[in-house]
Amino acid sequence: MIITFTTDGTAQAIYTEQIALNELGKVTHTRASHVEPDENGEWVADLSLVGGPKLGPFKRRSEAIKREIKWLETNYFQVK
C-alpha cells in the first residue's frame with residue numbers, strides 16, 4: 001500500500017484493508033475511478049474523475065483493476 005502526503009499533511013492512498021486508516025486520524029473517502037463492464041462484457045477502468053483516461057477494454061475485471069491502480073500510483077498519488 002502506498003500512502004503519500006501533501007505539503008499540508010494530508011495523506012492520500014488507494015483504499016485497501018491492509019492498514020486501518022481510520023486509526024491514523026479522520027478519513028475522507030473520495031472515488032477516483034470506476035471499473036465497469038462495457039457493452040461487450042469486457043472491463044474498462046474510467047479515471048475521468050481525476051482527469052485521467054479510460055483504460056481497456058480488458059477481458060478480466062482483475063486486469064482492469066490492476067491497470068487502474070498502476071495508473072493512479074504513477075499519475076495521481078504524488079506529493080504536491
Side-chain angles (χ1 to χ4, degrees):
M1 180 175 195
I2 295 173
I3 301 175
T4 60
F5 295 88
T6 62
T7 55
D8 69 1
T10 301
Q12 295 179 318
I14 297 171
Y15 178 79
T16 71
E17 295 179 344
Q18 291 175 308
I19 297 173
L21 293 174
N22 61 332
E23 293 181 12
L24 301 176
K26 182 181 175 190
V27 176
T28 303
H29 295 92
T30 304
R31 180 171 289 283
S33 57
H34 297 272
V35 173
E36 302 287 343
D38 67 10
E39 61 278 353
N40 298 315
E42 295 184 312
W43 295 91
V44 176
D46 181 355
L47 294 137
S48 62
L49 293 174
V50 292
K54 286 187 178 180
L55 304 175
F58 301 97
K59 298 281 184 201
R60 296 178 184 214
R61 182 175 181 267
S62 60
E63 182 62 22
I65 291 171
K66 179 179 171 184
R67 294 289 301 278
E68 167 197 35
I69 290 170
K70 181 177 180 180
W71 190 93
L72 288 168
E73 289 176 346
T74 302
N75 299 284
Y76 187 70
F77 291 103
Q78 299 176 11
V79 176
K80 297 177 181 163

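If you're wondering where the values come from, they're calculated on a predicted model, not measured in any experiment.
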Checklist entry - Between Leu72 and Val50, is a side-chain contact (heavy atoms from CB on, under 4.5 Å) present by the stated rule, with each step listed? => result CA-CA 9 Å; Leu72 288 168; Val50 292; 4.1 Å; yes
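- Between Glu42 and Phe58, the closest side-chain pair of non-hydrogen atoms is not below 4.5 Å.
- Residues Trp71 and Leu55 form a side-chain contact, since some pair of their non-hydrogen atoms from C-beta on lies under 4.5 Å apart.
- Panel note: side chain Ser48, backbone Gly52; no donor-acceptor pair is recorded below 3.5 Å.
- By the side chain to side chain contact (heavy atoms under 4.5 Å, CB included) test, Glu36 is found to be paired with His34, residues two or more places apart in sequence or in another chain being considered.
- With rounding to the nearest 0.5 Å, the separation of CZ in Arg61 from CD in Glu68 is 8.5 Å.
- Summarising the geometry of Ile14 relative to Glu73, their closest heavy-atom pair is CD1-CG, 3.9 Å, with the distance given to 0.1 Å.
- Here the closest heavy-atom approach between residue Ile19 and residue Leu24 is recorded as CG2-CD1, 4.5 Å.
- Across all their heavy atoms, Asp38 and Asn40 have their closest contact at OD1-N, 2.9 Å.
- To the nearest 0.5 angstrom, Ile2 atom CD1 is 11.0 Å from Thr16 atom OG1.
- Ala32 and Leu49 make their closest contact through O-CB, 3.5 Å (heavy atoms, listed as atom of the first residue, atom of the second, distance).
- Residues forming a side-chain hydrogen bond (donor to acceptor under 3.5 Å, both in side chains) with Thr30 (at least two apart in sequence, or on another chain): none.
- Placement of Val27 and Phe5 within a single hydrophobic cluster is found when ILVMFWY residues are connected by side-chain heavy-atom separations under 4.5 Å, directly or transitively.
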Item to check | Candidate pair Ser33 and Leu47, rule side-chain contact (heavy atoms from CB on, under 4.5 Å), full reasoning | outcome: CA-CA 5 Å; Ser33 57; Leu47 294 137; 3.5 Å; yes
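- In this structure, the separation between OG1 on Thr4 and CD on Gln12 is 4.5 Å, given to the nearest 0.5 Å.
- Residues Ile65 and Tyr76 fall within the same hydrophobic cluster, defined by Ile, Leu, Val, Met, Phe, Trp and Tyr side chains chained together at heavy-atom separations under 4.5 Å.
- Take Lys70 and apply the side-chain hydrogen bond (donor to acceptor under 3.5 Å, both in side chains) test, not counting sequence neighbours, and it matches no residue.
- Shortest non-hydrogen contact noted between Trp43 and Ala64 is CB-CB, 3.9 Å.
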